[in-house]
Colleague: 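The following block contains the structure, expressed as structure tokens.
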Number of protein chains: 2
Amino acid sequence: MVTIADVARHAGVAPSTVSYVLTGKRSISADTKSRVRESIRTLGYQPHVTDRGTSSSRTGVIGLVLPLRAGMHLPGMMRFVTAAVTTARRHDMDLLLMTADDGASGLRRAANSAQVDGFLVMDVEMDDDRVPLLRQLSKPSVLIGHPATARGLTCVDLDFEAAGAKCVDHLADLGHRSIGFLGAPSAVYRRSTGSAHRTMNGFSAAAMRRGVAATALSVEDDHDSVLRATKALVRAHPSMTALVVHNEAALGWITACLRASGRQVPGDVAVVAICPDELAEQMSPPLTSVRLPAEELGRHAVDLLAAKLDGKQPPPLMLLPPRLSRRASTPDPALVHRRAAQSG
Amino acid sequence: MVTIADVARHAGVAPSTVSYVLTGKRSISADTKSRVRESIRTLGYQPHVTDRGTSSSRTGVIGLVLPLRAGMHLPGMMRFVTAAVTTARRHDMDLLLMTADDGASGLRRAANSAQVDGFLVMDVEMDDDRVPLLRQLSKPSVLIGHPATARGLTCVDLDFEAAGAKCVDHLADLGHRSIGFLGAPSAVYRRSTGSAHRTMNGFSAAAMRRGVAATALSVEDDHDSVLRATKALVRAHPSMTALVVHNEAALGWITACLRASGRQVPGDVAVVAICPDELAEQMSPPLTSVRLPAEELGRHAVDLLAAKLDGKQPPPLMLLPPRLSRRASTPDPALVHRRAAQSG
DNA sequence: CTGAAAGCGCTAACAG
DNA sequence: CTGTTAGCGCTTTCAG
């Protein structure tokens, strides 16, 4: 193993000089600098990152705290992760995986053991028990998702309120006057999951603003519940012509269940989903959707953390604007009328 | 920050003693041991992992080299990754992510910088250019997938030959005498991807052994190619009653394309896929499949690496036996005949 | 602008 | 069984 001392000897300078060339923490004459660089190259020196004089200095490693709960959207997570590693490498950093079920103790372990310079915490909820700890920790962190109060933290998230609103606006623009909302299982709302609550709030507020009738229902993750929910919705609101779905499990069944309730998609009922793009594309008919921007979140999260590590103070909350991709499930009104005329 | 020296002082022993209590590398009297433990607890000591006396000693970190190529099966990778982190934690280790596009240089960087104790290398191919490097590296590694020659390495992989054979056996047992095989795009075979070649070899050998007619075709990743392939297959082998598909992209289209070629699934043609379970379940009809065991691979890979780090010498190649899950696409012959009779 | 030297927290001989 | 001591590779004072 070639050490900094070997380089120093080879270049005819002191070890500390080599160190300074590496870190750039003090000015070195162009001459010595190039001589040292040369020696580094010819000897094939690689800094022994693990041991940087211990006390000060960074490790170049970011802890990525993954949620391992069941029912996570695996492809979405993987997208986030790969975007995060790629971005981290651009900042000359690496990612250390940590499971969320290590929970608070795992965070503390990693923080104190000086393994990492900071944390990326995925899937943060409204009143996440890791949040108080993160505030105390001396290491900076960036949360994906945001708790009830983001004070003193840095968070990135999709703007779920705007997402809910965007769905309504899209549908209202198409002329729909009565819109339903199928949300997550009630347990998710009880857990006070940020994305679920915020989306529904955004949906309701936008419905008020646009003066359209709105009915929201929480729905469980099984086929029967979805069927019951759609039937109830159709019975209670016969005039309902559009549905916003924020429940990935329900997506696969929704078209069939609506049909079983006497409604065709998109002929009788237009559907907008809030879900990963690929999921929306797989449905038949493909669903208009507001996408969950995994890659952007990963990129921004790492960039924000890197900024913090450089002593900058990014804003506490970065909300990504929702983007809606229009697909077959929300056709133009003219088209719908023609179809309706054809079929009835 | 509370150091080992603080603990030593508090417990009235030498720093080294504390160190030995921690590592268990020499026997300590029960008395001192408990006294030290007590001090550790009350002072809230956490080992400063980053700096373990530099020279010897492990970092407790495993490098996980991910392939970031397009077209990877994201949910499967995520399954592998989560199984790997979980298992790693059981060995008191963490996982450091590395992208494969860092390639050989990335491996070298991580190895020399002493960031990691060893590597997990995903998605290894027959003649992978990282393999020679891995042999040279002083750090141990475990490969997922296996190169042409596994000498001097440790590999875990699904036994793809057995998988191909298992498909044939299942179909032959059901009475099928003429079986087709739809493989990966030809580019994949040219790249000499292990799983593709081995599966096909297993398929062909088993077909010989069972005395059934077999025809294999490579097929590109688009709808048109799949359609052309099925049509060609049906025309050339009108008596073909079963199909093995080892191509994830093709799966979604296969049923429709067979129908377009005048064959119903499973009435006229039974189908077995080699793919992640969840994919097979999503198809309609759900496909009988040999699963890609992401979790098992993750678990075994980490266990093997941990064993190597403990100085053990695991066998160079661990092949997981294929498991076939039967679904609607390979019904009993009796049922098929009844259906065939019904429909024509 | 550069060198010498003193640690950093921990481990591993070396001595009892 | 335990304490003393000498490093590990690198950073960072402190002196030029």
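Note on naming: letters A, B, ... go to the chains in the order of the sequence lines (proteins, then strands), and numbering restarts at 1 for each one. Owing to the predicted nature of the structure, the values given are computational and were not obtained by experimental measurement.
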Colleague: On the nucleotide dC1(C), are OP1 or OP2 found under 4.0 Å from the side-chain N or O atoms that Thr32(A) carries?
Modeller: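 No, no such contact exists.
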Colleague: Which nucleotide in the set dC1(C), dC1(D), dG3(D) lies at the smallest distance from any side-chain heavy atom of Ser27(A)?
Modeller: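 Selected nucleotide: dC1(C).
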Colleague: Tell me whether Glu296(A) is salt-bridged to Arg79(A), with the criterion being a basic N under 4.0 Å from an acidic carboxylate O.
Modeller: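 Salt bridge absent between Glu296(A) and Arg79(A).
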Colleague: Output the rounded distance in Å from CD1 (Ile4(B)) to P (dC10(C)).
Modeller: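 Value for this atom pair: 5 Å.
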Colleague: Is any side-chain N or O of Ser19(A) closer than 4.0 Å to OP1 or OP2 of dC10(D)?
Modeller: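 Checking Ser19(A) against dC10(D): no side-chain N or O falls below 4.0 Å of OP1 or OP2.
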Colleague: Considering only side-chain heavy atoms of Thr3(B), which listed nucleotide, dT2(D), dG9(C), dG3(D), is closest?
Modeller: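 Given the options dT2(D), dG9(C), dG3(D), the side chain of Thr3(B) is closest to dG9(C).
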Colleague: Indicate whether OP1 or OP2 belonging to dA12(C) is found under 4.0 Å from a side-chain N or O atom of Lys25(B).
Modeller: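 Yes, such a contact exists.
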Colleague: Nearest whole angstrom, please: distance from the C1' of dT2(C) to the CD1 of Ile28(A).
Modeller: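 The answer, rounded to whole Å, is 7 Å.
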Colleague: Report yes or no: do Ser29(B) and Thr32(B) form a side-chain donor-acceptor pair below 3.5 Å?
Modeller: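 Thr32(B) and Ser29(B) do have a side-chain donor-acceptor pair below 3.5 Å.
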Colleague: Please pick, from dA4(C), dC1(D), dC10(D), the nucleotide with the shortest atom-to-atom distance to any side-chain atom of Ala14(A).
Modeller: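 Shortest atom-to-atom distance from the side chain points to dA4(C).
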Colleague: When you measure from the side chain of Val13(B), which nucleotide among dC10(C), dT2(C), dG3(D) comes out closest?
Modeller: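 Minimum distance to the Val13(B) side chain belongs to dG3(D).
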Colleague: Side-chain N or O of Tyr20(A) versus OP1/OP2 of dT13(D): is the shortest distance under 4.0 Å?
Modeller: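 Answer no for this pair, as no side-chain N or O of Tyr20(A) is under 4.0 Å from OP1 or OP2.
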Colleague: From CZ of Arg26(B) over to P of dG3(D), roughly how many Å is that when rounded to an integer?
Modeller: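 So the CZ-P distance, Arg26(B) to dG3(D), works out to 9 Å.
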Colleague: Is it true that Glu38(B) and Arg41(B) make a salt bridge, defined as a side-chain N closer than 4.0 Å to a carboxylate O?
Modeller: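 Result for this pair is yes, salt bridge flagged.
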Colleague: Rounding to an integer number of Å, can you tell me how far Leu22(A) CG sits from dG9(D) C1'?
Modeller: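 Taking atom C1' of dG9(D) as the reference, CG of Leu22(A) is at 12 Å.
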Colleague: Just the rounded figure in Å: distance from P of dC1(C) to CG of Asp31(A).
Modeller: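 Value for this atom pair: 12 Å.
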Colleague: Rounded to the Å, how far apart are Arg9(A) CZ and dT2(C) P?
Modeller: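 For the pair Arg9(A) CZ and dT2(C) P, the rounded distance is 19 Å.
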Colleague: Strictly below 4.0 Å: does Ser16(B) bring a side-chain N or O up to OP1 or OP2 of dA12(C)?
Modeller: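 No.
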Colleague: Is there a donor-acceptor contact under 3.5 Å from the side chain of Lys139(B) to the main chain of Val116(B)?
Modeller: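 Judged by distance alone, yes, a pair lies under 3.5 Å.
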Colleague: Side chains of Arg198(B) and His146(B): do they bring a donor and an acceptor to under 3.5 Å?
Modeller: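 Indeed, the side chains of Arg198(B) and His146(B) share at least one donor-acceptor pair under 3.5 Å.
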Colleague: Expressed as a whole number of angstroms, how long is the span from Arg35(B):CZ to dG3(D):C1'?
Modeller: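 Atom CZ in Arg35(B) sits about 13 Å away from atom C1' in dG3(D).
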